[in-house]
Structure formats: C-alpha cells, structure tokens
2 protein chains.
Amino acid sequence: MVSCEPIARLVEAFNKLPGIGPKSAQRLAYYLLRRPDEEAKALADALISLKEKISLCSVCFNITTIDCDPCHICQDKERDHSRICVVERPSDILPLERTGKYKGVYHVLHGVVKPAQGIGPEDLKTKELLSRLKNNSVTEVILATNPNLEGETTAMYLRRIILPLGIHITRLARGLPFGADLEYADDMTLGQALESRQEF
Amino acid sequence: MVSCEPIARLVEAFNKLPGIGPKSAQRLAYYLLRRPDEEAKALADALISLKEKISLCSVCFNITTIDCDPCHICQDKERDHSRICVVERPSDILPLERTGKYKGVYHVLHGVVKPAQGIGPEDLKTKELLSRLKNNSVTEVILATNPNLEGETTAMYLRRIILPLGIHITRLARGLPFGADLEYADDMTLGQALESRQEF
C-alpha cells in the first residue's frame, strides 16, 4: 500500500480504458496530480456531459446532441438522401466524412453479427434500415462494414435482405492501401487486389 | 462538424494527456460512449476526488491523503528512518518499493535542477531535505535521481551540500540493465558498466 486510495482509484479507472495498461494508467494519474486542478476538472466535466447531452439520431442512429434530432447530416438538405452508407459504429462516420468524397447520408448498425456471442441481425439497427429503405426513394446502399470476418458476414446478411427491394448495393473497394509495399502485403489483401484489379 | 460538441470536448481533454494522440483520444471517447454510464462516471469521480483528497506528506513530500499526514511510510515504525532515499517525483517511489529491497524512508524533491528553464535548487524541496538531515540521526542518503543529465546535475548539487554534514552519500548503481544485449547497449551505459565493474 504505497500508492494512496484516490490515486489507486484513478489508476484503476484509466486502466479500464482500451489501450491503457497499468503502467500508462499510473503515468496518467501522476501526470494529472502535478497539473493544475482545472485540467483534471475539465476531463471530469467532459466525461459527465458526454452521457448527459448525447443521444442517437432517430433516423440514422448516429450520435447527436439531445437538442438536435435528426442529426446534422440527416437534416442537411445539400446532401444526397437517396444514398445510404451503412456503417458498424458512429466512429466510422468521421473517417468517411474526412475523405470529402461522400455526400450521401448514413445508417449506423451499432454492431455486427457475431454468432459465437449470440449477436444476431435483430440486435442491430437492421429493422430500422429496412423501413428507411422501404419508405424513401433510396437508390443506392453502400455497405461499409469492416473488411473482416464479422463485417463480411453482416454485409452478406444485409445484401440478402436488401436485394428483393431492387436497390443498387455496393461495398467499399478492396485492394492495396495507399503507400503499401507489395513485399509486406498480406495474402488476403494482395489476393483481393489481384481479383478486383482495375482498368488503368 | 460531424462529431458533436460533447464528444469533441472529451476528445480534446483526453488529447491533452501525455501519450494520448488525437486518434487514441477519439477512440477513448467513442468507447466510453458505448459503455454503461457508470464507467465514465467512475472515471469522472476519481478525477475529482484525486485533487480533493490528496496532499503532500509534511515530512517526505510524498503524496498522501489529507487525513493521513505524515504518510504511511513516514509513520511506519518498522522502517529504517536513518536512511533517506531522495527521488525526483512521487511516482519514483512505487518502483523502488516494488523491488522489496529498501526499508528506509524517502524524500521527494518534486523536480530537478533545470538551469535552462530557470529551475534552481531553491525550487525543489532541498531546504526541507537539509533540515531533515540536520535534525535527525540520518546515517545514509541515497541519491536516486534519474540517470540523465538533469538528474546527475541535481545529484551533484545535493552531494555538495550534504557532504559537510558528514553523512554517508550513495547513489543507485549504473550498469547494464537486466536482460540487456552487449551488441545493442548504448555507449554511455556500456562505458559506465565497464568503469564500475564489480568483483565476481
């Protein structure tokens, strides 16, 4: 019992966050201890207001503030509402927006199908996606789940249920990432880059 | 403006912590968003009570709770109070305690001499160290500042002011770290390991 209780508690709370091990957690706690009070206070306030002020958009289930529903993107008349990009998590929207290449709207599933953990399509926002597709003039659905086993399974399931609606279904291209080195590319990526080779 | 204000605020607060870049900060914020409310709350509470409940030990200047002064170590009658180990920061005590090889007490300087930044010995707890040494039957001072330029400068300064008191002064041994590889050891370390070679 060298470290005292308030520090131990903070170390424990930091340690619960992903990617923060016991050593980093301790470093962060001691860092805040020698910083002005306001710094720890600002983080504490941000944590509290996070949960108080945030809700999900009733249209696309992206994160929004409680006083702004539907969210900014769904309310934006400049955007192309006939295109819906389906993502796993709210955090997937940011990188897509940063590309500046997408002007459609989104739909957040809040997870992926994980049969081993008993998470089926009914646990995701799939019903809500279907009713959006049925009630609106949507012409294209872009499946932007992650390029891994669970993301693929989810995309394949969505494809099966959307196909009967006669809507154009696309997914993000597979291939070599920018700046990649053939020598170090993994077999899956290189295989897909070869299969999906494009006219040049 | 994709990310909404409460998230942006939390990302900014996390991003201010050492070793947490903008991407990690965002990952942490979104992680907390999908966890139960209690988790963000627990971290917020720990942050608030950190500053409210903590003070410095009036003897060794280690961190302690406001209702426990002197700290646990200074109060411990089992420990050898004739030996004082001088460290830069409160966080340096934990690793020393973990070795289980030290049964003396500590003195925390709260910094090092940094002439370039105008931090001199008078900005550290050196006066307090001297008065502890003068008023008590201390037989050994172990200088455990970090083995870098600033730590060395500070240790050398302390040595000069403690020497007249006739107290035995030691410092942590320099040499190759456990598990090191001669081939990759840096010149400074290897040079010191050679200079301070020990009987075997």
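Below, chain A is the first sequence line, B the second, and so on; all start at residue 1.
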Contact origin within A/S49 toward chain B - heavy atom pairs under 4.5 Å
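For A/S49, the contact with chain B is made by backbone and side chain together.
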
So what's closer than 4.5 Å to chain B heavy atoms on A/E12: side chain, backbone, both or neither?
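Neither part; nothing is under 4.5 Å.
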
For the pair B/I20 and A/I20, evaluate side-chain contact (heavy atoms from CB on, under 4.5 Å) and give the outcome as yes or no after the intermediate values.
CA-CA 10 Å; B/I20 299 187; A/I20 298 186; 4.0 Å; yes

Honestly curious: do [X] and [Y] fall in one hydrophobic cluster under the side-chain, below-4.5 Å linking rule?
X	Y	value
B/Y157	B/L149	no
A/L130	A/V59	no
B/L190	B/M188	no
A/V87	A/V112	no
A/M156	A/V141	no

Chain A heavy atoms under 4.5 Å from [X]: which part of the residue, side chain, backbone, both or neither?
X	value
B/P95	neither
B/L28	side chain
B/E52	neither

Chain B contacts, top residue of [options] (heavy-atom pairs, under 4.5 Å):
options	value
A/S24, A/A44, A/C71	A/A44
A/R35, A/R89, A/R27, A/K53	A/R89
A/A29, A/A42, A/A13, A/A46	A/A46
A/I54, A/I48, A/T65	A/I54

Between atom [atom1] of [X] and atom [atom2] of [Y], what is the distance when rounded to the nearest 0.5 Å?
X	Y	atom1	atom2	value
A/L94	B/Y30	CG	OH	5.0 Å
A/L43	B/L47	CG	CG	5.0 Å
A/L33	B/I63	CG	CD1	4.0 Å
A/E5	B/L50	CD	CG	10.5 Å

Does atom CG of A/D187 have more than 12 heavy-atom neighbours, drawn from other residues, nucleotides or ligands, at distances under 6.0 Å?
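Atom CG in A/D187 is not crowded, with 12 or fewer foreign heavy atoms closer than 6.0 Å.
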
Using a cut-off of 6.0 Å, state whether more than 12 heavy atoms not belonging to B/R159 lie near its atom CZ.
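No - once you tally the heavy atoms of other residues, nucleotides and ligands closer than 6.0 Å, there are 12 at most.
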
Checking the side chain of B/K51 only, and the main-chain atoms of A/E38 only, is there a donor and an acceptor separated by less than 3.5 Å?
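It does not hold such a pair.
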
Option in B/R98, B/K16, B/R34 with maximal non-hydrogen atom pairs under 4.5 Å from chain A:
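Heavy-atom pairs under 4.5 Å are most numerous for B/R34.
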
